[in-house]
Protein chains: 2
Amino acid sequence: MAVAPERELVNQWRDLATCYNKTAAALDRELQEQHGMGLSEFEALDRLVESGEEKVRMHQLASDMYLSQSALSRTVARLERSGLVERAICYDDRRSVFVRLTETGSVRHGQARDTHRHVLADHLDR
Amino acid sequence: MAVAPERELVNQWRDLATCYNKTAAALDRELQEQHGMGLSEFEALDRLVESGEEKVRMHQLASDMYLSQSALSRTVARLERSGLVERAICYDDRRSVFVRLTETGSVRHGQARDTHRHVLADHLDR
DNA sequence: AGACGTTACATGCAGGCGCATGAAATGCGC
DNA sequence: GCGCATTTCATGCGCCTGCATGTAACGTCT
């Protein structure tokens, strides 16, 4: 009688893992094929747009993402290389780096957003 | 009125991603530190034990895991290198490979299992 | 001002993953 | 039995990740 909750816990974990991995894989595939960007890139863009701010510090961006600091640094580097984002010096605190959405970044995000939401609707049931 | 469900969907996805990544990271860290094995290794062992069978085909093992076929192949290779598992030829179908738990594999799984369940209890609420 | 601990990013490195491919065994149609 | 598509697993390759570390800027204490 004390073993049932444990099985329940494991099943819950497996469902979580399966659902996450399937959804993440689908998102990454669709975003890559249709918009030439990976999942982390899109998620970073999405946070950036959503913040409402014109430019956001790396650290702040990292804070509400699951990515590590180093992974975010490289993600932003990829976005910059693609021209979707620009880095700018923060004069208040010269250690920090501002990340700013470019014009094309805004457009590309808008397009990718539809794909993103659509895949989510397909894989997450309410 | 038609935008609220969309936000809800995105929030659901973010919660899922955050929960999964935090849990997976904790599992991997604890299993690595305390038992010298990664998360995929443990999950594979767990499926193996749970099957009840003495030996299981690779393909069957892969079927109820989120891992790709190539990733599973390497995971089993690592387990074999650590002596927790053995590969055996399947004489019915010589393309297939049986995976069999070793004595030490069984012991190590039993130990790691406690860590695994404990971490799950910490990170998943019912 | 000078020294020291802290914070914010970038980067070398090792390791895991998925995709595409390779190699071997199987099954199917003729 | 022969050829050809299919299945099953292994592996080369490129990419991404986290950890540990390096570098520069900041803050504090004296």
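Letters A, B, ... are given to chains in the order of the sequence lines, protein chains preceding strands, and every chain is numbered from 1. Please read all numbers here as calculations on a predicted model, not as lab measurements.
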For the side chain of [X], starting at C-beta, report the closest nucleotide among [options].
X: B/Ser96; options: C/dA8, D/dT8, C/dG18; answer: D/dT8
X: A/Arg95; options: D/dC9, D/dA24, D/dG18; answer: D/dA24
X: A/Gln69; options: C/dA10, C/dG18, C/dA8; answer: C/dA10

Side-chain contact, heavy-atom cut-off 4.5 Å: A/Met37 with A/Leu45? yes
Between [atom2] on [N] and [atom1] on [X], what's the gap in Å once rounded to a whole number?
X: B/Asp28; N: C/dC17; atom1: CG; atom2: C1'; answer: 13 Å
X: B/Leu61; N: D/dT8; atom1: CG; atom2: P; answer: 14 Å
X: B/Leu39; N: D/dT17; atom1: CG; atom2: C1'; answer: 15 Å
X: A/Tyr91; N: D/dA25; atom1: OH; atom2: C1'; answer: 15 Å
X: B/Leu67; N: D/dC9; atom1: CG; atom2: P; answer: 14 Å
X: B/His59; N: D/dT8; atom1: NE2; atom2: C1'; answer: 7 Å
X: B/Gln60; N: D/dT7; atom1: CD; atom2: P; answer: 18 Å
X: B/Asp93; N: C/dA25; atom1: CG; atom2: P; answer: 11 Å

Does a donor on one side chain sit under 3.5 Å from an acceptor on the other, for B/Gln34 and B/Thr115?
yes
(message) With a 3.5 Å distance limit and no angle check, can you tell me whether B/Arg117 reaches the backbone of A/Glu6 through a side-chain donor-acceptor pair?
(response) no
### A/Thr23 vs B/Trp13, side chain to side chain contact (heavy atoms under 4.5 Å, CB included): CA-CA, chis, key distance, verdict
CA-CA 9 Å; A/Thr23 307; B/Trp13 164 243; 3.5 Å; yes
To the nearest 0.5 Å, atom NE2 of B/His109 lies from atom CG of B/Leu84 at 10.5 Å
Distance col, row B/Leu79:CG vs B/Arg108:CZ, nearest 0.5 angstrom, shows 9.5 Å
* Toward the 5' end of DNA chain C, which comes first, A/Arg57 or A/Arg29, by nearest nucleotide? ->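 By nearest-heavy-atom nucleotide position, the 5'-most residue is A/Arg57.
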**Message:** For a quick test of reading the model: is some side-chain N or O of B/Ser70 closer than 4.0 Å to OP1 or OP2 of C/dC19?
**Reply:**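 No, no such contact exists.
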Exercise. Would A/Phe42 and A/His35 count as a close aromatic pair, with their ring centres under 6.0 Å?
Worked result: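 Here the rings of A/His35 and A/Phe42 have centres that are no less than 6.0 Å from each other.
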Using heavy atoms and a sub-4.0 Å distance, could you list which residues of residues 72-90 of chain B are near DNA chain D? By number, please.
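Within residues 72-90 of chain B, the residues near DNA chain D are B/Ser73, B/Arg74, B/Arg87.
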